[in-house]
Chemist: 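Here it is, the structure in full.
All values derive from a computational prediction rather than experimental measurement. Both backbone and side-chain heavy atoms feed into the values below; hydrogens, waters and symmetry mates do not.
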Amino acid sequence: MVSLDKIQMGDVCKDTLVGLFQAFLAPDCIIADDETLPPYECDGLSIYTKKPPLVLLPETIDDVCAIMRICHQYHVPVVARGAGTGLCAGAMPHTNGVVLSLAKFDQILEIDTAGRLARVQPGVTNAAITQAVSEHGFYYGPDPSSQIACTIGGNVAENSGGVHCLKYGLTVHNIFSVKIVTVEGALLTLGSDALDAPGLDMMALITGSEGLLGITVEVCVKLLPTPEVARVVMAGFPTTQQAGDAVGAVIAAGIIPAGLEMMDSLAIIAAEDFAGAGYPTDAAALLLCEVDGTQGEVDDHASKIMALFKELGATTVQLSSSEEERALFWKGRKSAFPAIGRLSPDYYRMDGTIPRGQLSYVLQRMAELSKEYGLRVANVFHAGDGNLHPLILFDANIPGELERTEAFGGAILELCVEVGGCITGEHGVGVEKLRQMPSQFTDSEINQFHRLKSAFDPVGTLNPGKGIPTLRQCQEYRALGGTAK
């Protein structure tokens, strides 16, 4: 049996590699013992795990550059990691590689209210940015449900969105520039502090690249002025089809809400039991529609939305009467995912995007698939931009149930493609959705992804095996008839 200390990592054994890193990293920045490594075995999608032989926690950009130069020299795989809240196994380690954690990069470097920007390190949490700038009358737009824990570097890697992305956009729309360290250890700045930058839009390429092209070490984010007022219309509907139709009707009326979220009955009951948000538990579907802006604009839009919801069959319609009640409505929504955990030993959180006009049909088909696979599914999602997050409830202790759950999830993603959508919205591809990539892209397109990856990472050491399937994987998948089983 080979000693863990002698494990081969690229072209060098582990103990030799540790010796190279010890030349510039403090002892507490190198994790190599069996007892301390397990927390790094997976990200938020814990059904996929691998134990890393080595975890590094650099403290400076120079440290990151030196690590990358050494790993590049010896062909050692590198997987960048933020807070580990990702949901596609994108931060799952390589068994013969290094986990490069950016946890110590947790400082806000600059707040420029005149330029409406903040310069932050990648380990800063999403919510911390808003907390730091709120006293100046600003906030950071993207707000994933995990914003109190997820980091801005991870947001860039997955192009995260959140409740308010309908009006204010995803991460790619809310950053000015990104500093990355290349696979060879060089430091690059993509974008600029201005509204535009010369040359190709490389920053948009890096955003959503899932750690396949470089290591993010600094991000300049846009700051938005805090709206004068914001209010939420909460409406319960007797059917999911009526709620789905109401989503499209709001946009068709010329109103772009700050957020427009939907929950089905299973999610409503779980969230209400957990958060006590005042949700109508007898409703089959719930819409939370937030409008913000000036007092006059909000009053006008809120009254139109309430009238529209009633016209389309809503059985209950309520407008938040205070900032505290607005926060309570959103507390229920943002607590929905952990609340669902009380209904089942395990759940599998999916992520696909569809055109808004297909909401009713897709929800109906998901209900049919739920019966077909014999598994319950709860729906909590960003209805305004069609980003679905169905939660499949299962018990991993029952033989075969995890495999059936994965097959059900694959069928949902293929349904998204079938109606003109895509297999991911903000969680990324990682390992989880590799099997569905061929249903979205042709072999020629996947070949182009490989060429792009090779331009940044010729040897393929950055987050290998994630995001882009090999053509052999595509052929094997298509031989199964395009079904994830």
Chemist: For K334 and Q147: C-alpha separation, side-chain torsions, deciding distance, then whether side-chain hydrogen bond (donor to acceptor under 3.5 Å, both in side chains) applies.
Modeler: CA-CA 10 Å; K334 293 202 170 187; Q147 67 180 143; 2.6 Å; yes
Chemist: What do you reckon, are the aromatic ring centroids of F449 and F441 less than 6.0 Å apart?
Modeler: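 Centroid separation for F449 and F441: below 6.0 Å.
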Chemist: Indicate whether the side chain of N126 and that of D143 have a donor and an acceptor atom separated by less than 3.5 Å.
Modeler: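 Judged by distance alone, the side chains do not pair up.
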Chemist: Establish, from distance only, whether the side-chain atoms of Q448 and R451 form a donor-acceptor pair under 3.5 Å.
Modeler: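 There is such a pair (donor and acceptor under 3.5 Å, judged by atom type) between the side chains of Q448 and R451.
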Chemist: Is the side chain of D33 donor-acceptor paired with the backbone N or O of T36 at a distance under 3.5 Å, no angle test?
Modeler: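 The answer is yes, because a donor-acceptor pair under 3.5 Å joins these two groups.
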Chemist: Can you tell me how far apart CG (D63) and CG (L57) are? Round to the nearest 0.5 Å.
Modeler: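 Taking CG in D63 and CG in L57, the distance rounds to 10.5 Å.
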Chemist: Does any non-hydrogen side-chain atom of C88 lie less than 4.5 Å from one of E210?
Modeler: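 Counting from C-beta outward, E210 and C88 do come under 4.5 Å.
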Chemist: Please step through side chain to side chain contact (heavy atoms under 4.5 Å, CB included) for the pair V79 and M92, ending with a clear verdict.
Modeler: CA-CA 8 Å; V79 177; M92 184 177 70; over 6 Å; no
Chemist: Give the intermediate values and the outcome of side chain to side chain contact (heavy atoms under 4.5 Å, CB included) for residues K466 and L212.
Modeler: CA-CA 8 Å; K466 315 282 182 59; L212 297 171; 4.2 Å; yes
Chemist: Indicate whether any N or O donor in one side chain lies under 3.5 Å from an N or O acceptor in the other, for H382 and E261.
Modeler: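 Per modelled atom types, H382 and E261 side chains form a pair under 3.5 Å.
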Chemist: For S444 and N447, test the side chains for any donor-to-acceptor distance below 3.5 angstrom and give the result as yes or no.
Modeler: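 S444 vs N447: no donor-acceptor pair found between side chains.
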Chemist: Is it the case that atom CD1 in I148 sees more than 12 heavy atoms from other parts of the structure closer than 6.0 Å?
Modeler: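 Count not over threshold, so no.
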Chemist: For residues Q440 and I423, report the shortest heavy-atom separation together with the two atoms involved.
Modeler: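 Where Q440 meets I423 most closely, the heavy atoms are OE1-N, 3.0 Å.
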Chemist: Does any non-hydrogen side-chain atom of L54 lie less than 4.5 Å from one of V99?
Modeler: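 Sidechains of L54 and V99: no contact.
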Chemist: When you measure from the side chain of E426 to the backbone N and O of N159, does any donor-acceptor pair fall under 3.5 Å?
Modeler: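 No.
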Chemist: Report yes if some heavy atom in the side chain of M366 is under 4.5 Å from a heavy atom in the side chain of N379; otherwise report no.
Modeler: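 SC-SC contact between M366 and N379 confirmed.
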Chemist: Taking all non-hydrogen atoms of both residues into account, name the closest pair between P77 and P464 and its distance.
Modeler: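 Heavy-atom minimum between the residues: CB-CG, 3.9 Å.
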Chemist: Please name the pair of heavy atoms, one in C42 and one in Y48, separated by the smallest distance, quoted to 0.1 Å.
Modeler: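 Here C42 and Y48 meet closest at CB-O, 3.3 Å.
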Chemist: Tell me whether K222 forms a cation-pi arrangement with Y140, defined as NZ or CZ under 6.0 Å from the six-membered ring centre and within 45 degrees of its axis.
Modeler: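 No; the conditions do not both hold, so K222 does not lie above the ring face of Y140.
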Chemist: Could you tell me whether the side chain of I446 reaches within less than 4.5 Å of the side chain of L471, counting heavy atoms only?
Modeler: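 Yes; the side chains approach each other to less than 4.5 Å.
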Chemist: Do H164 and E290 pair up side chain to side chain, a donor and an acceptor below 3.5 Å, judged on atom types alone?
Modeler: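 Indeed, the side chains of H164 and E290 share at least one donor-acceptor pair under 3.5 Å.
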Chemist: Check whether T130 reaches the backbone of A127 with its side chain - one donor and one acceptor, N or O, closer than 3.5 Å.
Modeler: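 It does not hold such a pair.
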Chemist: Should R365 and E368 count as an ion pair when the cut-off is N to O under 4.0 Å?
Modeler: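 A salt bridge is present here (some side-chain N lies under 4.0 Å from a carboxylate O).
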Chemist: Looking only at heavy atoms, what is the nearest atom pair of I67 and P58, with distance?
Modeler: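 Shortest heavy-atom separation between I67 and P58 comes out as CD1-CB, 3.9 Å.
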Chemist: Can you tell me if D395 uses its side chain to pair, donor with acceptor, with the backbone of P345 under 3.5 Å?
Modeler: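 Looks like no, no N/O pair under 3.5 Å.
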Chemist: Under 3.5 Å, is there a donor-acceptor pair between the side chain of D457 and the main chain of K453?
Modeler: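 It does not hold such a pair.
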Chemist: Which label fits Y139 and Y168: parallel for a plane angle under 30°, tilted from 30 to 60°, or perpendicular past 60°?
Modeler: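 Y139 and Y168: perpendicular rings.
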Chemist: Please determine if D385 and R356 form a salt bridge, counting it only when a charged side-chain N lies under 4.0 Å from a carboxylate O.
Modeler: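 Result for this pair is no, no salt bridge flagged.
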Chemist: Between the main-chain N or O of H450 and the side-chain N or O of S454, is there a donor-acceptor pair closer than 3.5 Å?
Modeler: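 Absent.
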Chemist: Going through the distances and angles, do K51 and E41 end up as a salt bridge (charged side-chain N to carboxylate O under 4.0 Å, His left out)?
Modeler: CA-CA 5 Å; K51 188 173 182 178; E41 290 182 346; 5.3 Å; no
Chemist: What distance do S146 atom OG and F337 atom CZ have between them, rounded to the nearest 0.5 Å?
Modeler: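 If I round to the nearest 0.5 Å, the distance is 9.5 Å.
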Chemist: Just by modelled atom types, is the A32 backbone N or O under 3.5 Å from a matching donor or acceptor in the K14 side chain?
Modeler: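 A pair under 3.5 Å: yes.
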Chemist: Mind listing the closest non-hydrogen atom pair of F408 and L375 along with its distance?
Modeler: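 Of all heavy-atom pairs spanning F408 and L375, the closest is CE2-O, 3.8 Å.
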Chemist: Without swapping roles, check the side chain of Q8 against the backbone of N96 for a donor-acceptor pair under 3.5 Å.
Modeler: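 Judged by distance alone, no pair lies under 3.5 Å.
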Chemist: How far apart are the C-alpha atoms of F394 and R404, what are their side-chain angles, what is the distance that settles it, and do they pass the side chain to side chain contact (heavy atoms under 4.5 Å, CB included) test?
Modeler: CA-CA 9 Å; F394 73 103; R404 196 162 79 252; over 6 Å; no
Chemist: Verify, without hydrogens or angle tests, whether T113 (side chain) and R116 (backbone) share a donor-acceptor contact under 3.5 angstrom.
Modeler: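 No.
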Chemist: So, N174 side chain and P142 main chain: donor-acceptor pair closer than 3.5 Å or not?
Modeler: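 No; zero donor-acceptor contacts below 3.5 Å.
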Chemist: With no hydrogens and no angle check, do the side chains of T182 and E184 hold a donor and an acceptor under 3.5 Å apart?
Modeler: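 A pair is found: one side chain offers a donor N or O, the other an acceptor, under 3.5 Å apart.
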Chemist: Considering only heavy atoms from C-beta outward, does the side chain of R333 approach that of S145 to under 4.5 Å?
Modeler: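 With C-beta onward as the side chain, the pair touches.
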Chemist: Can you find a heavy atom in the side chain of I175 that is under 4.5 Å from one in the side chain of C220?
Modeler: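 No, their side chains stay 4.5 Å or more apart.
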Chemist: Please assess E406 against R435 for the test salt bridge (charged side-chain N to carboxylate O under 4.0 Å, His left out), listing each intermediate value before the final yes or no.
Modeler: CA-CA 11 Å; E406 291 182 290; R435 287 173 295 181; 3.7 Å; yes
Chemist: Are any of the side-chain heavy atoms of V417 and C422 separated by less than 4.5 Å?
Modeler: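 No; the side chains remain at least 4.5 Å from each other.
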Chemist: If I take atom CD from residue E218 and atom CZ from residue F105, how far apart are they, to the nearest 0.5 angstrom?
Modeler: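 Rounded to the nearest 0.5 Å, the CD-CZ separation comes to 10.0 Å.
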Chemist: Atom CD1 of I392 and atom OG of S344: how far apart are they, to the nearest 0.5 Å?
Modeler: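 Output value for this atom pair is 11.0 Å.
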Chemist: Can you give me the closest heavy-atom contact between T85 and A149, atom names plus distance?
Modeler: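 What the structure gives for the nearest pair is CG2-CB, 4.0 Å.
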Chemist: In the structure I gave you, are the side-chain heavy atoms of L434 and P469 within less than 4.5 Å of one another anywhere?
Modeler: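 The answer is yes; the side chains approach within 4.5 Å.
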Chemist: Please check if any side-chain donor atom of K104 sits under 3.5 Å from a side-chain acceptor atom of Q121, or the reverse.
Modeler: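 Side chains of K104 and Q121: no pair found under 3.5 Å.
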Chemist: Going through the checks in order, is the side chain to side chain contact (heavy atoms under 4.5 Å, CB included) test met by V362 and L388?
Modeler: CA-CA 10 Å; V362 169; L388 305 178; 3.7 Å; yes
Chemist: Roughly how far, to the nearest 0.5 Å, is the CD atom of E432 from the CD1 atom of I47?
Modeler: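 I47 atom CD1 to E432 atom CD measures 7.0 Å (nearest 0.5 Å).
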Chemist: I'd like to know if the side chain of T424 pairs up with that of D351 as donor and acceptor (distance under 3.5 Å, no hydrogens or angles considered).
Modeler: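 D351 and T424 do have a side-chain donor-acceptor pair below 3.5 Å.
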Chemist: Rounded at 0.5 Å granularity, tell me how far CG in L343 sits from CG in L391.
Modeler: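 Those atoms lie 10.0 Å apart.
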